[in-house]
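Note on naming: letters A, B, ... go to the chains in the order of the sequence lines (proteins, then strands), and numbering restarts at 1 for each one.
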2 protein chains.
Amino acid sequence: MTMVRNTRQRQAVVQALRETHTHPDAAWIHSQVRGELPNISLGTVYRTLDALVRDGVVMTIERAGQATRYDYKHAGHGHHHVVCRSCGAIYDIDAEDLPTPALGLPAGFQVQDVRLEYHGVCATCAEHSEKRV
Amino acid sequence: MTMVRNTRQRQAVVQALRETHTHPDAAWIHSQVRGELPNISLGTVYRTLDALVRDGVVMTIERAGQATRYDYKHAGHGHHHVVCRSCGAIYDIDAEDLPTPALGLPAGFQVQDVRLEYHGVCATCAEHSEKRV
DNA sequence: TTTCATGCAAAAGGTTTGCATGACC
DNA sequence: GGTCATGCAAACCTTTTGCATGAAA
């Protein structure tokens, strides 16, 4: 059994994630939590986020060269993500028919997280690149 | 119209991606391509890969803190990915029933790529962590 | 010949880690 | 009191970028 201590730092990080409706990165969470705990370190934020991901409380949206974005898994609120490659905006879409079946998984693989992401260009960015031509 | 030059470096990167059945990262591709072009730089590999992703020829599998893995999109061979969080292994599963519908997308969003990923722990890693307890 | 890609090396982030200190149980 | 988390700062790794050179069209 993994022992997890209920520190004030951990509480603050969880609270910050719960309250926002955006998909913040570690630096944003850090600056946010500093309002309450001015001395909390970025390292602690990262360690806490890692633990939350391992516990299945939080999921990540990862993009090469960009900061990982974190998303609190509110109960009964399954959704997937739409990611704009141009500006990095992330939208939520409801997961009515989640594709959880996953036949053909490797033998013995234990699924912890299913992520469905639509990558492309949002309307605003598409307009801008049209104008540029 | 974007002008893309057909350089030997570009050819070599594409060939390396076509030939492998793994999901290599930029460093692996670099060392591989060096067999033919000993002076090719890692920067060029990255720039080429970026272009290939933009062109829709290649897709990425991204993990925070880990090197991005690249996957050549062989025609008529749609598949999704199974990612082991412990050892980083990536498996392919066929995309028989791809969840491409995506109702509820933001207005005007142009989808370029749909990625469905199953994250969890592979059989081998699960065994090892059991033994450790 | 003009333009774009390359190589090199340095810089820029983001994330992880070691260690002494402090907080939790 | 023992153990684990924290803060700090340095290290690490991946990826990006500036610039002079070289190769494609």
Side-chain angles (χ1 to χ4, degrees), chain A residues 1-16 23-55 57-71 83 85-88 90, chain B residues 1-16 23-55 57-71 83 85-88 90:
Chain A
M1 191 67 180
T2 324
M3 193 54 190
V4 178
R5 286 190 178 167
N6 188 26
T7 66
R8 258 184 305 150
Q9 289 84 346
R10 188 184 182 85
Q11 290 171 17
V13 169
V14 172
Q15 194 190 353
H23 306 85
D25 60 17
W28 186 94
I29 296 167
H30 183 219
S31 71
Q32 187 72 7
V33 166
R34 273 194 160 174
E36 191 182 345
L37 301 172
N39 290 325
I40 188 173
S41 72
L42 185 54
T44 293
V45 172
Y46 271 109
R47 279 185 280 228
T48 304
L49 289 169
D50 279 0
L52 293 173
V53 169
R54 272 198 304 278
D55 293 352
V57 178
V58 161
M59 73 171 296
T60 57
I61 307 157
E62 300 168 28
R63 296 241 290 140
Q66 247 109 341
T68 300
R69 314 279 282 273
Y70 296 85
D71 192 9
V83 181
R85 281 180 175 160
S86 179
C87 65
I90 299 177
Chain B
M1 192 67 181
T2 325
M3 194 54 191
V4 178
R5 287 188 178 169
N6 188 26
T7 65
R8 258 182 307 148
Q9 288 84 344
R10 187 183 182 87
Q11 289 171 18
V13 169
V14 171
Q15 193 190 355
H23 307 84
D25 61 16
W28 186 94
I29 297 168
H30 183 219
S31 71
Q32 187 71 8
V33 166
R34 271 192 162 176
E36 191 182 344
L37 302 171
N39 290 326
I40 189 173
S41 73
L42 185 54
T44 293
V45 172
Y46 271 109
R47 279 186 281 230
T48 304
L49 289 169
D50 279 0
L52 292 172
V53 169
R54 273 199 305 276
D55 293 354
V57 177
V58 161
M59 74 172 297
T60 58
I61 307 155
E62 298 167 30
R63 296 240 290 141
Q66 249 110 340
T68 301
R69 314 279 282 273
Y70 295 86
D71 192 8
V83 181
R85 280 178 176 162
S86 179
C87 66
I90 299 177

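- Side-chain contact between V33(A) and V45(A): absent, with no pair of heavy atoms (C-beta onward) separated by less than 4.5 Å.
- Pairing each heavy atom of R63(A) with each of G88(A), the nearest pair is NH2-CA, 4.3 Å.
- Across the protein-nucleic acid pair, D50(B) atom CG and dT17(D) atom C1' stand 12 Å apart, rounded to whole Å.
- Here the side chain of A26(B) is nearest to one of dT15(D), dG7(C), dG14(C), namely dT15(D).
- In this structure, the CZ atom of R10(B) is 11 Å from the P atom of dA25(D), given to the nearest Å.
- With respect to H23(A), the side-chain contact (heavy atoms from CB on, under 4.5 Å) criterion is satisfied by exactly one of T68(A), T60(A), I90(A): I90(A).
- Between dG14(C) and T68(A), no contact under 4.0 Å exists linking OP1 or OP2 to a side-chain N or O.
- In this entry the distance linking CZ of R63(B) with P of dT15(C) reads 13 Å, nearest Å.
- Residue L49(A) contributes atom CG, which lies 15 Å from atom C1' of dT6(D) at whole-angstrom precision.
- Residue G65(A) is the one, among G43(A) and G65(A), whose nearest nucleotide of DNA chain C lies closer to the 5' end (criterion: closest heavy atom).
- The closest donor-acceptor contact from the side chain of R69(B) to the backbone of I61(B) lies at 3.5 Å or more, if one exists at all.
- Counting heavy atoms from C-beta on, the side chains of R10(B) and L52(B) come closer than 4.5 Å.
- Regarding L42(B), its CG atom lies at a distance of 13 Å from the P atom of dT6(C), rounded to whole Å.
- One can find a donor-acceptor pair under 3.5 Å joining the base of dG7(D) and the side-chain atoms of R47(A).
- In this structure, Y46(A) does not reach the dT16(C) phosphate: none of its side-chain N or O atoms is under 4.0 Å from OP1 or OP2.
- Where L37(B) and Q66(B) each meet DNA chain C at their nearest nucleotide, the meeting point lying more 5' is that of L37(B).
- Rounded to a whole Å, the NE2 atom of H30(B) is 17 Å from the P atom of dC13(D).
- Residue I40(A) is classed as a sugar-phosphate contact, given heavy-atom separations below 4.0 Å to backbone atoms only.
- Below the 3.5 angstrom threshold, one finds a donor paired with an acceptor across the side chain of R5(B) and the base of dC4(C).
- When rounded to the nearest whole Å, the span between CD of E62(A) and P of dT14(D) equals 15 Å.
- Which of dG7(D), dT15(D), dT16(C) sits closest to the side chain of S41(A) comes down to dG7(D).
- One interatomic measurement links the two molecules: CZ of R69(B) to P of dT14(D), which rounds to 11 Å at whole-angstrom precision.
- Within the 4.0 Å cut-off from OP1 or OP2 of dA5(D), not a single side-chain nitrogen or oxygen of T7(A) is found.
- Residue order along DNA chain D, read from the 5' end via each residue's closest nucleotide, puts V45(A) first among D25(B) and V45(A).
- Here N6(B) lies in heavy-atom contact (under 4.0 Å) with sugar-phosphate atoms only.
- The shortest non-hydrogen separation linking E36(A) to A12(A) is OE1-CB, 4.1 Å.
- Q9(B) has no side-chain polar atom (N or O) that falls below the 4.0 Å cut-off from OP1 or OP2 of dA23(D).
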